[in-house]
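Here the structure comes first, spelled out in C-alpha cells, and everything after it is commentary.
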Protein chains: 4
Amino acid sequence: MSVKREQLLDAANILLAEKGYHGFSMKELAQTAEIAVGTTYLYFNDKKDLIQSLHQRNLHTLAESMFDGFDATSSIFEQYSCIWRNFWQYSLNHPEAILAKSQFDHLPSIVQLREELLAKELFKEVGIMLHVGVEKEIFKPLPIDVLATLSIETCANLARKHILGITRIEGKLLDDVILACWNSIAFKPESTK
Amino acid sequence: MSVKREQLLDAANILLAEKGYHGFSMKELAQTAEIAVGTTYLYFNDKKDLIQSLHQRNLHTLAESMFDGFDATSSIFEQYSCIWRNFWQYSLNHPEAILAKSQFDHLPSIVQLREELLAKELFKEVGIMLHVGVEKEIFKPLPIDVLATLSIETCANLARKHILGITRIEGKLLDDVILACWNSIAFKPESTK
Amino acid sequence: MSVKREQLLDAANILLAEKGYHGFSMKELAQTAEIAVGTTYLYFNDKKDLIQSLHQRNLHTLAESMFDGFDATSSIFEQYSCIWRNFWQYSLNHPEAILAKSQFDHLPSIVQLREELLAKELFKEVGIMLHVGVEKEIFKPLPIDVLATLSIETCANLARKHILGITRIEGKLLDDVILACWNSIAFKPESTK
Amino acid sequence: MSVKREQLLDAANILLAEKGYHGFSMKELAQTAEIAVGTTYLYFNDKKDLIQSLHQRNLHTLAESMFDGFDATSSIFEQYSCIWRNFWQYSLNHPEAILAKSQFDHLPSIVQLREELLAKELFKEVGIMLHVGVEKEIFKPLPIDVLATLSIETCANLARKHILGITRIEGKLLDDVILACWNSIAFKPESTK
DNA sequence: AATGAATGAGGTTTCATTCAT
DNA sequence: GATGAATGAAACCTCATTCAT
C-alpha cells in the first residue's frame, strides 16, 4: 500500500466527517493530504471510488479492532463485553470514522449493497456469537440483525454523543451502559444492583 | 402557511433523504416540487434556510405525533410504550424524515445548537417521563440523555432498517423489540416469557 | 405628469448615482419609490426606457436652471458667469444627477445619439453665447465643443469632487475658479490680481 | 506576470469601457480573453478583485507614461506641456482605460479610498510640479487638487470626446488646447497670438 | 390603476477531472 | 510517478418582466 494512498484516505476521513461527501472538494482533500490534486487520480479512479475505498478501509480497521483480545472460549457475556468495549475504544480512537458513518448512506445503492455484504462478512463472528447466545437461550430469540442493532448500533450512537461532548460517558457509567445494552437482548436480564 | 412553501418542504424532505444536503440541487428541488426555481427564493432565503426550516417542521410534526393518545396518569410502562409506538408509526409514515435525519448533522454549528435546544423543548415531556421513572426506581439512575439514546434512538435505528427492507419488524416482533428497549433502561427488567 | 412617475424617477436618480445602471434592481427601485413593482411598468416600458426618461428629465431640469436670471443683453463675462454659477448651484442641488452622469454613457448608442442631439438643442443658447464670444474676439477661435468642454465640463468635474468631499470649494475660491475657467477660453485672459 | 492574467485584464478593460462594471458577464470576459471561465478564477478572487487589479494596472501604466521624457530642470511650462502631451498620448493609446475610468467610481468606498491614495502616490510628481509653480507665482494660489482638475482632468475629457469622434483635436488645435489649460491655472496667462 | 407572486434566463462562482510538463 | 494550470458543466442565486387578482 502506497503511503500517499493512506495519506489521502486519512484526509478523506477527516473531511468526510466534517463536511460530508459533497461538502469538500478534491482540491481541499489534496491540500489536507499535502499532495498535488492530480496525484489523487493516480490512486483512485474518482471521488466515488475514493470514498468507497475509505469505507472499506474503515470497515477492515474496525473489524480488526473489534476482536482484539477476543476469547471464543470465554463466557458469552465476556465475549459480548469485549466486543462492545473494543467498538467503544475504536470509536474514541477514530472519531472521524464514526462521524462520517452517515455519509456512506448516500453511496449509489449497488455499491451500498456490496458494502453491506462486506460488512456481513467482516462481522460474521459477531453474528456467530449472537447466534450461539440465542441457541443457548442467553439472548432472546430475535433476528440477528435486530439483536445487533439493539446492542452494537447503540454503542455507535452513544460514542457519537460522547465525541461531540453532548454526554460524557466514563468509568462506572460505561459499565452500566454495557449492562443496559446486554439487558436489552438478554433472555434473563439482570436487575441493577 | 403557503401551500407552495409546504410543497417545497415536502420535496426537500424526499431529496434530502435520497441524496443528502449537498447532493441535490435547487433546480432538482424546484422540479420535484413542480415550482419555478426563482419561486423557491420567495419562501426561503437560501438553501441553508430551507433545510433548517424543514428540520424545524419535522421536529414539530414528530413532537405532535409522539404524544398521540398519551395518558400521563397511566403506568410508566404504558406511557413508554405509547411514545415508542407513536415514534415507530411516525417513522413509517414519514420515511423521508427518518432517512434525512443524519443529514442535519452537517448544518453550521450555531444553527445546530439552536435546533438542539428546540428539540429539548419539544421533547421535554419525554424527559419528564424518564425523570419520573428514575425517581420511582423504575428506570436505572442514568443520565436522561443516555436513557433517551438507549431506548428512543434505537427505535429510529430499527425504523431505518425496516424502511430500507433490511429487517422486517411487525406484530409480535414489534412487541418484543419494545420490551427489549424497555429492558435496557428498566431497573428491574422482565425476563422473556 | 403622474406623481408616481415622478417618485420613480427620483428614486432612479438616487439609485443610479449610488450603484449604476445594472447595480440596482427594479424591486429595489420600487421599494425606494414606495410603489409596487408591477406599477413601475405602467409608467415605463422597461428599465432602459426608465433610465432614458430620467436622463431627459435631468437634462430639462438642468437646462431650465442654467438660464435662471440670464440676461442676453449683459456682458459676455456676466453671461458666462451666470451660466457657470447656475450650473454649479444645480450640481449642489442635484448631486445624484451629477454622480449618475457617467452611467448614461452606457446606453445603447442609438438612444445615446438622440440624447446628444437633445442636449445640443437644450443648450443651444450656451453655444450661441460661445459663438458670439468668438466672433467678438472675446473667446479664442476654437471649436464650440472644445470651448464648452474647457469651461462647462470642468464645472461638473469640480462639482463632483466638491460633492464627494474631496475638495471644498466656496466663497472667494469659487470666484477664482470661475475666472480660471474663463481664462482658459478667453482671448485676452486677465492676470490674477 | 502570467500572460493569461494580462489577457484577462486587457479584455476587462475593453468590456468595462463598453458596458460598465455590471454590464458584462464573466463568461463574456472569458470569451473575449479566449480563456475558459474557470481559469479566470485562478488569477482573480472574484469580479471585484479583477476590476480593482485592472484599475491598479491602469494607474501604473499611466504613471509610467506621464513622465516619459520628463525633465525636472526644464521650465515649468515645458514640464507642464510634457505631462499634458504624455497624458494625451496615453489616452489615444489606451482608449479603453479612458472610457472605463468613470466605471471605477462605483467600487466599494473602502477600496475607492485605497485607490485614491495610490493615485496620489503615483502622481506625486505632478503635485510637486504644481506646488513649485505656485511658489514661483507661475500658477495661481489655488489648492493643488483644484489645479489638477482644471488642467489635467480637462485633458481626459477632451481625449474622451476625441476618441468617440465627437471633436477632432490635432496639430495646431492641440497646441492651442494645451495653452488654454495652462492659461486656466497660470498666474499671468498669455494672450492668444 | 395598482399589486406582488411567479417565472426562468442568465449572473457569478465552484469543482471533479484531464493532460502537458 | 508527480504536478497543478486549465477546463466547462453545473451549482446557487438574482432579476426584469408578466399577469391574475
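Letters A, B, ... are given to chains in the order of the sequence lines, protein chains preceding strands, and every chain is numbered from 1.
- Distance check, rounded to the nearest 0.5 Å: OG1 of B/T40 to CG of B/L29 gives 5.5 Å.
- You'll find the side chain of B/K4 reaches within 4.5 Å of the side chain of B/Y43, heavy atoms only.
- Interface limits on DNA chain F: the 5'-most and 3'-most nucleotides within less than 4.0 Å of chain A heavy atoms are F/dG1 to F/dG4.
- Residues A/H55 and A/I51 have side chains not in contact (no heavy-atom distance under 4.5 Å, counting atoms from C-beta outward).
- Scanning for salt bridge (Lys or Arg N to Asp or Glu O under 4.0 Å) contacts around A/D46 gives an empty result, with sequence neighbours left out.
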Handout entry: Derivation and outcome, salt bridge (charged side-chain N to carboxylate O under 4.0 Å, His left out), residues B/R57 and B/D10
Key = CA-CA 10 Å; B/R57 194 188 67 162; B/D10 291 343; 2.8 Å; yes
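- Only C/M26, C/V37, listed by number, bring a heavy atom of residues 26-38 of chain C to less than 4.0 angstrom from any atom of DNA chain F.
- Every side-chain contact (heavy atoms from CB on, under 4.5 Å) that B/S91 has, sequence neighbours left out, goes to B/F87, B/I98, B/A159.
- The side-chain tip of D/K47 does not point at the ring of D/Y41 from less than 6.0 angstrom away and within 45° of straight on.
- Of the side-chain N and O atoms in C/Y43, one or more sit less than 4.0 angstrom from OP1 or OP2 of E/dA2.
- Take the nearest nucleotide of DNA chain E for C/T39 and for D/F24: the residue whose nucleotide is more 5' is C/T39.
- Sorted by first and then second residue, the salt bridge (charged side-chain N to carboxylate O under 4.0 Å, His left out) pairs with a member in residues 25-42 of chain A read A/K19-A/E28; sequence neighbours excluded.
- For DNA chain E, runs of at least 3 consecutive pairs of the Watson-Crick or G-U wobble type, with both hydrogen-bonding distances under 3.5 angstrom, map to E:2-21 with F:2-21.
- Residues D/L42 and C/D46 both approach DNA chain F. Their nearest nucleotides, taken by heavy-atom distance, put D/L42 toward the 5′ side.
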